[in-house]
Number of protein chains: 2
Amino acid sequence: MASEEPPQLKQVPSELPKVLVLRPPSVFTAYQKQFSQKFHFLKAWESPIPTDQFLTIYASSVQAMLCSGGTPITSDVLRHLPSLRVIVTTSAGLNHIDLSECRRRGICIANAGTVFSEDVADMAVGLLLDVLRRITAADRYVRGGLWPIKGDYPLASKLGDKRVGIVGLGSIGLEVARRLEAFGCTISYNSRKKKSSVSFPFYLNVCELAANSDILVICCALTDQTRHMINKEVLSALGEQGVIVNIGRGAVIDENELVHFLVQGKIAGAGLDVFENEPKVPTELVALNNVVLSPHRAVFTEESFLDLYELMSGNLEAFFSNKPLLSPIMDE
Amino acid sequence: MASEEPPQLKQVPSELPKVLVLRPPSVFTAYQKQFSQKFHFLKAWESPIPTDQFLTIYASSVQAMLCSGGTPITSDVLRHLPSLRVIVTTSAGLNHIDLSECRRRGICIANAGTVFSEDVADMAVGLLLDVLRRITAADRYVRGGLWPIKGDYPLASKLGDKRVGIVGLGSIGLEVARRLEAFGCTISYNSRKKKSSVSFPFYLNVCELAANSDILVICCALTDQTRHMINKEVLSALGEQGVIVNIGRGAVIDENELVHFLVQGKIAGAGLDVFENEPKVPTELVALNNVVLSPHRAVFTEESFLDLYELMSGNLEAFFSNKPLLSPIMDE
C-alpha cells in the first residue's frame, strides 16, 4: 500500500491511490501540488460530461472521496459509487453528507476534526466585538469622510459583564467560552446534554438560555434537530438588547425571522459568518449598521489551511494503509 | 461644603460649587442633568465673548475645572485662572494639559484612571481580530454584492500563536495581555522599566520588541518621550508580515511613515483608533483593505460613560469636601 512504498509511488503517479473529487475544496486548490504527489485525483469538475456519467465511467471502482462542506454527497451520488469506502470532508460540519446512507453502506467519514476550532472561536469573538463596539460601521463612517463633518460616532456597548449563552458546547463552543471569560463575560450554554467537564450553567431549553443571555453565540452543528432551532420564540426571549453571533450554519437560525427581528429593532445586532442560502445574503441586512456580514470565512486562515491539508492527507494515507482514520466522526 | 449640605444645595443651584468647563466633554453632555444637580457649571463654550475674556470676567475665582482630552489646557489658559486648584479630565491621557505648569502651581489633576482600561483593551483585541481576520474588509465585500460574483474571499491570518509586543504595559496593556493570552498569543512588552509583577519578556528597546513580534499593540501614553517613538526603524523591524494596532495616541506613531509602510506593503496591516490630526485621517488609508479605521472610540461605551460620570463627579465632590481625589494622577 501507499505508505509502504512512498518513493516508488511518488515516481509513478498513475499508481498513486485514486481519490475522487467532485468539486475542488479550497484547501485542495491551495495544496494541489502537495496532494497530487500522494494521490491520483479523479477530477469530476474538469470533465465535460455530466457528473453521474463521469462517476459511472471513471469512478465506479473508486474507494475514497475528498469533498468540502459545499458539495452535497447525496444518496444519488453514492449510488454511482458502489466501491466507496471512505469520505474525507474538509468541513467540520457533516450536513452536506447523507449520513444514514453512509451508515447503511458502512462508508467511513473523516472530517476536519478540531483543526478549525480556534480560528472559528476567534472569528466568533471578532464578530461579537465588532457588533458591540461597532467597528465595521465606524470604519464606514471614517472612510465615508463623516468624522470631521458629523463628529463623534454614537456610544457602543461594553463586552465585559455581558451574559453570553453558547448554543452547542463542542470544541468550538469551549474555545469561545475560554476567550470570552478573559473579557469578563459570564458563560452559560445549551447542548443536547449537560457536560460534566464544565461548571457553566446549563439550559436544556434554548429559549430559557436566550432569556438569561445578553448574547447568543451559535456554535452547534446543523442537524434535523437544530434546523431553525433559533426561531421567533428564541429571538423574542433574547430581546431588544440582545445580540446574536452565528459561526455554525445559517439554517440553525430561521433567517427570515432573524431579518425581521433586526429590521424591526427587536434585537440589537448580529454578527453572521453563515447564511441559509450562501452566497446569497438577505438584502435587508446590507442596509443595517448593527449587523456584520462575513462570507463564511471563520475557518479560512493560512494556518488552519496548512493544518487541514495535513489532516486530510493524513486521513487518506491512513485509509490506504489500512490504519485508523485520524479524525473519524463520532456518532454523537 | 457641598457634601455636608446636599439637600439645601440641591435646592439652591447658585450655591452649588462652581466648576469651569471650556468645552463640554461627551460624558458631560450625556450626564449633564446629573452633573448639574451637584455643581454649578461655568460654560465657556456657550458664551459669545472670547474665552480669555470669559475666564477673566467669570472664572478668575474658580477653583475646579472639568475638561476632556480634546481641550488643550495650556499655560495661557492657566494664567487666566489664578485660583484654580484642581483639573478633572475625562481622559486617561494627559498630553493636553501643561503638566509642568500645573506642577509649578500645585494644581492637582484627576483623570479617568482605569475606568476605560477594559473597554480600550477590548477595542485593541477587536481591531486586531478585525485586521487579521479581515472582518471589515469582508463585510464590504458582502455588502458590495461581490460574494456571489467573485467567490471566496482571500485567506486570513490566525491570531493564535502570534507573538504580540505590547508597547506600554500599564492597566490597559495588562488587560490586552490577559485577553490575548486566552487566544494563545505569546506576550512580550516594552516599557520605561521592567515590571516585577509580570513574567512576560521585557524589551527596553522598542525596536528589539518589534523585531521579535508579529504584532505591536500601542498602549502607552503620549509624552515627549513617546512622541513618534514608532518610527521608520521600528516599522522596518516589525517587517512585512507585521501588524500594528494603536489605541494610545496617534502621535506615538510617525503617521507619515506608517502610511508609507502600509501603502508600500512594508507592513501587513493596521488597526487604528487614533490619529495624529483627528478628526483628519490620511486619505491614503481610506483606500486600503488591510487597515481598520476607528474614530477614536475605544473608550466610548455606555457602560464606561456611567462609570466615568461617577468617577468625575466623585473627584469633584472629593475636592470640594477636602477629601483625597479618587483618581489623582501619579507622576510616574
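In what follows, every heavy atom counts, from backbone to side chain, and hydrogens, waters and symmetry copies are set aside. Letters A, B, ... are given to chains in the order of the sequence lines, protein chains preceding strands, and every chain is numbered from 1. Keep in mind that this is a model prediction, so the values were computed, not measured.
- Ranked by heavy-atom pairs shorter than 4.5 Å toward chain B, the options A/L146, A/L132, A/V291, A/L128 are led by A/V291.
- The ring of B/F28 has its center closer than 6.0 angstrom to the ring center of B/F35.
- If you measure heavy-atom distances from B/S26 to chain A, the contacts under 4.5 Å come from the side chain alone.
- Comparing A/E118, A/E278, A/E181 by heavy-atom pairs within less than 4.5 Å of chain B, the highest count is held by A/E278.
- Contacts between B/F275 and chain A at a heavy-atom distance below 4.5 Å involve the side chain alone, from C-beta outward.
- Interface residue A/L129: only side-chain heavy atoms are found under 4.5 Å from chain B.
- Ion pairing of A/E46 with A/R23 is absent here, as no side-chain N (NZ or NE/NH1/NH2) approaches a carboxylate O to less than 4.0 Å.
- If you measure heavy-atom distances from B/L288 to chain A, the contacts under 4.5 Å come from the backbone alone.
- Contacts of B/L180 with chain A are absent, with no heavy-atom separation under 4.5 Å from either backbone or side chain.
- Using a 4.5 Å cut-off between heavy atoms, B/V299 contacts chain A through its backbone alone, with no side-chain atom that close.
- The most heavy-atom pairs under 4.5 Å with chain B, out of A/V286, A/L127, A/L285, come from A/V286.
- Classification of B/D122 and B/R179 as a salt-bridged pair holds, one side-chain N sitting under 4.0 Å from a carboxylate O.
- No part of B/R134 comes within reach of chain A, as not one of its non-hydrogen atoms sits under 4.5 angstrom from that chain.
- The part of A/D130 that comes within reach of chain B is its side chain, from C-beta onward, which places non-hydrogen atoms under 4.5 angstrom from that chain.
- No side-chain N or O of B/N111 forms a donor-acceptor pair with one of B/T89 less than 3.5 Å apart.
- For A/V281, the part lying under 4.5 angstrom from a heavy atom of chain B is the side chain only.
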